[in-house]
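Before any comments, here is the structure.
The residues of the chain are indexed from 1 along the displayed sequence.
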Amino acid sequence: MILSVDGWGGQRAAPHNGRSRDASIGLVRSASIVCIATAAASLAAADGRGAPTETAAAREQARLCERLPGASGAAACQQALALGIAPPRRAAVREQLARHLVALEDWDALAELLRESVTLAPQDALAWRRLGLTLLFALHQPSEALAALDQAVRLAPADAETRADLAQALAASGQLQAAVAAFDEALRLDAAVLDGRPAARAALDAARRGAPWP
């Protein structure tokens with residue numbers, strides 16, 4: 001995997017053919033953390049009604065979750081969640097778990113966490129988008145990414161970036177005519193949406209030629 005540092009302080013991966021994925025993995029890294037915290041927080045008040053008292057063990061694991069690096073920190077976060085950390089702190093623990101998984105490049109575990117996020121907040125377009133981006137760019141599963149990105153577009157139809165993401169997933173899945181249509185709609189919404197996204201531009205050019213991408 002070819003890596004370069006993104007603006008958030010993480011890294012992003014180049015695709016197997018060596019072409020840049022723009023800031024896609026950088027987007028996966030940064031905004032997936034935001035949507036995880038948002039999804040957990042959206043149900044914190046509801047979860048708090050009738051919730052059991054937080055245990056000392058859960059609090060200790062939450063503390064270690066924040067302090068320990070890498071796999072040890074991720075394991076502590078998971079333990080804190082399993083032991084029943086109180087709802088007001090659950091969002092922060094999930095956020096920190098996401099950070100650990102990103103640092104570890106454990107994309108499968110991150111995708112699972114994001115699946116939980118869309119279950120917690122099914123109307124959150126950002127959560128669906130980040131799940132789709134993780135599946136598309138980190139796990140190379142364009143077919144699986146399509147469903148998530150399509151839902152994101154349904155929830156945020158005026159978001160040009162999300163529609164361009166969907167177009168890339170369509171192109172990667174071989175649905176070239178649909179990809180061109182999605183790209184054209186993204187450009188109609190925002191003529192500059194592909195600026196700074198050479199891989200997306202390459203996907204559009206290939207789709208218009210009827211050529212596979214990537």
Side-chain angles (χ1 to χ4, degrees), residues 2-39 98 102 107 110-111 114 117-118 121-214:
I2 301 171
L3 297 169
S4 59
V5 176
D6 66 27
W8 178 71
Q11 297 170 311
R12 61 178 181 265
H16 295 309
N17 63 4
R19 285 202 294 267
S20 169
R21 283 202 193 110
D22 318 314
S24 298
I25 292 296
L27 290 173
V28 169
R29 289 176 175 272
S30 56
S32 64
I33 292 167
V34 173
C35 81
I36 287 165
T38 301
V102 164
W107 306 122
L110 179 61
L114 289 166
S117 294
V118 298
Q123 300 304 310
D124 186 345
L126 178 60
W128 284 104
R129 184 186 180 207
R130 298 317 171 186
L131 174 58
L133 288 173
T134 299
L135 293 168
L136 179 61
F137 294 111
L139 292 176
H140 316 293
Q141 297 174 2
S143 297
E144 290 80 357
L146 276 176
L149 291 170
D150 184 65
Q151 183 64 13
V153 167
R154 289 176 186 273
L155 292 168
D159 189 290
E161 291 281 350
T162 301
R163 203 170 286 269
D165 297 332
L166 174 62
Q168 282 188 266
L170 287 164
S173 299
Q175 301 182 44
L176 303 183
Q177 290 184 342
V180 171
F183 273 123
D184 286 345
E185 178 61 14
L187 289 165
R188 185 192 69 78
L189 292 167
D190 179 0
V193 68
L194 300 186
D195 291 357
R197 298 184 62 171
R201 180 68 69 179
L204 172 56
D205 292 343
R208 283 178 171 161
R209 296 194 311 270
W213 180 90

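Panel note: side chain R163, backbone A158; no donor-acceptor pair is recorded below 3.5 Å.
In this structure, the separation between CG on D165 and CH2 on W128 is 15.5 Å, given to the nearest 0.5 Å. Taking CG from L114 and CG from L133, the interatomic distance works out to 9.5 Å, rounded to the nearest 0.5 Å. Taken from CD in Q168 to CZ in R197, the straight-line distance is 5.0 Å, to the nearest 0.5 Å. Considering OG of S117 and CG of L110, their distance stands at 8.5 Å, rounded to 0.5 Å.
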Please tabulate, for the side chains in residues 202-212, all donor-acceptor contacts under 3.5 angstrom to protein atoms that are two or more places apart in sequence or on a different chain.
| unit_1 | atom_1 | unit_2 | atom_2 | d |
| --- | --- | --- | --- | --- |
| R208 | NH2 | D184 | OD1 | 2.9 |
| R209 | NH1 | D205 | O | 3.4 |

What side-chain donor-acceptor pairs closer than 3.5 Å can you find for residues 142-151, not counting sequence neighbours?
| unit_1 | atom_1 | unit_2 | atom_2 | d |
| --- | --- | --- | --- | --- |
| D150 | OD2 | R154 | NE | 2.9 |
| D150 | OD2 | R154 | NH2 | 3.4 |

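When all heavy atoms of A182 and L170 are compared, the pair lying nearest together is CB-CD1, 4.0 Å. For the pair R201 and L194, the tightest heavy-atom approach, listed with the atom from each and the gap, is NH2-CB, 3.6 Å. The minimum heavy-atom distance between P122 and L155, with the atom names listed, is O-CD1, 3.6 Å. Of all the heavy atoms in T162 and A152, the pair that sits closest is CG2-CB, 3.6 Å. Considering every non-hydrogen atom in both F183 and A164, the closest pair reads CE2-O, 4.0 Å. Of all heavy-atom pairs between T134 and W107, the closest is CG2-O, 4.1 Å.
Applying the side-chain hydrogen bond (donor to acceptor under 3.5 Å, both in side chains) test to every pair with at least one member in residues 186-195, sequence neighbours left out, gives these pairs: E185-R188.
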- Message: With side-chain contact (heavy atoms from CB on, under 4.5 Å) as the criterion, how do V118 and D124 come out once you've worked through the C-alpha distance, each side chain's angles and the decisive distance to 0.1 Å?
- Response: CA-CA 7 Å; V118 298; D124 186 345; over 6 Å; no

